[in-house]
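Protein chains get the first letters and strands the later ones, always in sequence-line order, with residue 1 at the start of each.
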Amino acid sequence: MAVSYSATEGKSKGFYTALVVVALFLAAGLIGFTVAYLKGHVMFGSNNAVPWGLPIIVAIYLIGLSAGSLILSSLTYVFNKEEYKPISRMAVFLAIVLIFGALIAIGVDLGRPEKSWRLFMFFYLNNMTSMFAINGILYGGYFAISLGYLGVILANNMKWAKRMGTFAVCWAMLVHMGTGAIFGFIQAREIMNSPIKPFEFLGAALVSGLALLIIVVVVTLRATNREYDRKIVHDLGKLLAIFIGILILLVTVDKLTHIYGPHRDAAMWLMTGPYWWMFWGLQVFCAYIVPLAILIPRKSRENVNALVVAGAFVVVGIFGERLALVIPGTAYPLHLYPGHIEGVWGEVGSFALMPAEIFLSLGLFALVGLLYIFGLKYLQLLPSEKRVKVEPISEKVASEQAPAQDTPVTEQPAEA
Amino acid sequence: MAKWGMVIDLGKCTGCQACTIACKEENNVPYGSPDEQKRRLEMYWHKVITASEGEYPNVTTVVIPMPCMHCDDPSCVTVCPAKATYKRSDGIVMQNFRRCIGCKYCIVACPYAARSFNYKEQEDKEYHHQDRTPDRSVRGPWPFPHRTHGVVEKCTFCFHRIDQGLKEGKEIGVDVEPACVEACPARARAFGDLDNPQSPVSQLLGNKEWMRLQEAKGTSPKVFYLPK
């Protein structure tokens, strides 16, 4: 099946509206970052009890989306599923802008962002036993490899696309497993510590990446007035249901290993304590139950709009899954001494969402959205228009829907 | 090479917090407002926690002063990506503020909550200036005259006192002690070389029952407690 690609014209009103909206969010993010940089992390909600806040959650979340999106592009370029070809370029490009956003997110979350270069001085200034340093190799390499991958795809070199694709997909799996290891390998925090965490992260990456891809594909193709085969989206929906099933299995095993033994306090606290809503409300309800309820019945499974809604729930829910790992994982008090620890040292850590980090997080999502929109204009990512419509009606439709482009990426923090 | 360690006698400790204050003063650790303390934004290189067991009227409480444990197998050193935290050859776990990038991974990895992040630009107080430091002629060097926000800080076992003392040929643990040990009015703390059987810490550990915190984590702390 030969598919030709083209860029969107990028002259419609909708295109510019989307650009302006995203740029405004980006500006807000820049302000948030500047304030936090000058005043210190007191402007963030994090503290010595919950040292990691929203920006780091956004970072690992974007990495997951990126890895998932890239792995899915392998359907075309590695497994030769020709029917996914029209959306594969989008998937690869999305993966690149997402990992770029994630790298920026990691940088701005540091206490001293100007020293972030130190993360990439491998084997020289880095302590290579640190999962952060190892992930520095994984993330940096991943960014470079996926750029090369996109290069050969844009050059239409199918032989190399397969080779690069195989390599990039294996690397992408390592990337998100490494991210899981950041948390899974920490023995001091009972909720995080788990050998299954890397695999759980990989599962979550596939789920969230696929869900985002469904949203982005449908919204982009509609907004740019492209014809597309509904069956692609239906098949992606089926795949999403399977991935959610796998993820539920992994999460269940993880929680069961924590609950089964007598050291079950932390896991029970996660599910019944003050942060129960992150686990049950966002992670379980939004990421697993609602999407499965949409994806299992045949009627809704074959409705593209319903699939987009399911995707939106997953995207929000997986953000909640990250939230439910990082915040309660560190907020649960350390057992410094047997018995009840009095005062602040035995209290559950509190976490207040502060304006600076909300703006910063929105700005990070906006950065990803902005790069994606520019990509649509300057790179040949979209399948060519089969049916050329120049009537003003379609222009109107496009302009109405174009602003929706950035909604999947900017809406999440507000809901989470 | 010496291996520095500390022994804290919980039976003698009255929970007066003189150690916490002495540490703040010695290392110029900023004070925080009550609100910041509640939000856990205040920095503590040394803290005193209280653990209670049982219910009134059958309740026991233990007061546990906690400096950094200076673990033999420190998880903070394992996770630091920038080599900002490292173990010296004498066993002191140090933090280099210049190298620290502020990723806070060590705070997450430390099972003793011994580390604090510097959350804000500190007020411009007189004692923050090296050229206007308080009279240090009796106390020796003052290692941390000013601070920058955005890095992680921790207890150093008052390495500056130890290094200076060794240079002057003094006996560590007898003539020279970390600030918290020196300040303890109940003489509940002892400091010295764990490898030297004659040192005050070795004497205490050899004669009494001792324990360490969170042994199950396998970090082998070098702060020992004599139970109440």
Report the option among [options] that has the most heavy-atom pairs separated by less than 4.5 Å from atoms of chain A.
| options | result |
| --- | --- |
| Lys83(B), Glu53(B), Arg115(B) | Lys83(B) |
| Ile64(B), Val108(B), Val79(B), Thr219(B) | Val108(B) |
| Ile107(B), Asn118(B), Thr148(B), Val151(B) | Ile107(B) |
| Ser75(B), Gly218(B), Ala82(B), Gly54(B) | Ala82(B) |
| Ile49(B), Thr61(B), Val62(B) | Ile49(B) |

[X], part contacting chain B, at a heavy-atom distance under 4.5 Å:
| X | result |
| --- | --- |
| Ser350(A) | neither |
| Phe120(A) | neither |
| Met43(A) | neither |
| Phe185(A) | neither |
| Ile182(A) | both |
| Leu336(A) | both |
| Ile186(A) | side chain |
| Phe351(A) | neither |

[X] (side chain) donor-acceptor with [Y] (main chain) under 3.5 angstrom:
| X | Y | value |
| --- | --- | --- |
| Asn127(A) | Cys80(B) | yes |
| Arg112(A) | His149(B) | yes |
| Lys104(B) | Val50(A) | no |
| Asp109(A) | Cys103(B) | no |
| Tyr337(A) | Leu213(B) | no |

Between [X] and chain A, which part of the residue has a heavy atom less than 4.5 Å away: side chain, backbone, both or neither?
| X | answer |
| --- | --- |
| Tyr86(B) | neither |
| Glu42(B) | backbone |
| Ser52(B) | both |
| Val48(B) | backbone |
| Leu41(B) | both |
| Ala84(B) | neither |
| Met69(B) | neither |

May I ask you to decide if the ring planes of Trp52(A) and Tyr105(B) are parallel, tilted or perpendicular, using 30° and 60° as cut-offs?
->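 Because their plane-to-plane angle lies in the 30° to 60° range, the rings of Trp52(A) and Tyr105(B) count as tilted.
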
If you take all heavy atoms of Arg98(B) and Arg118(A), which pair is closest and at what distance?
->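 Arg98(B) and Arg118(A) have their closest heavy atoms at O-NE, 4.2 Å.
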
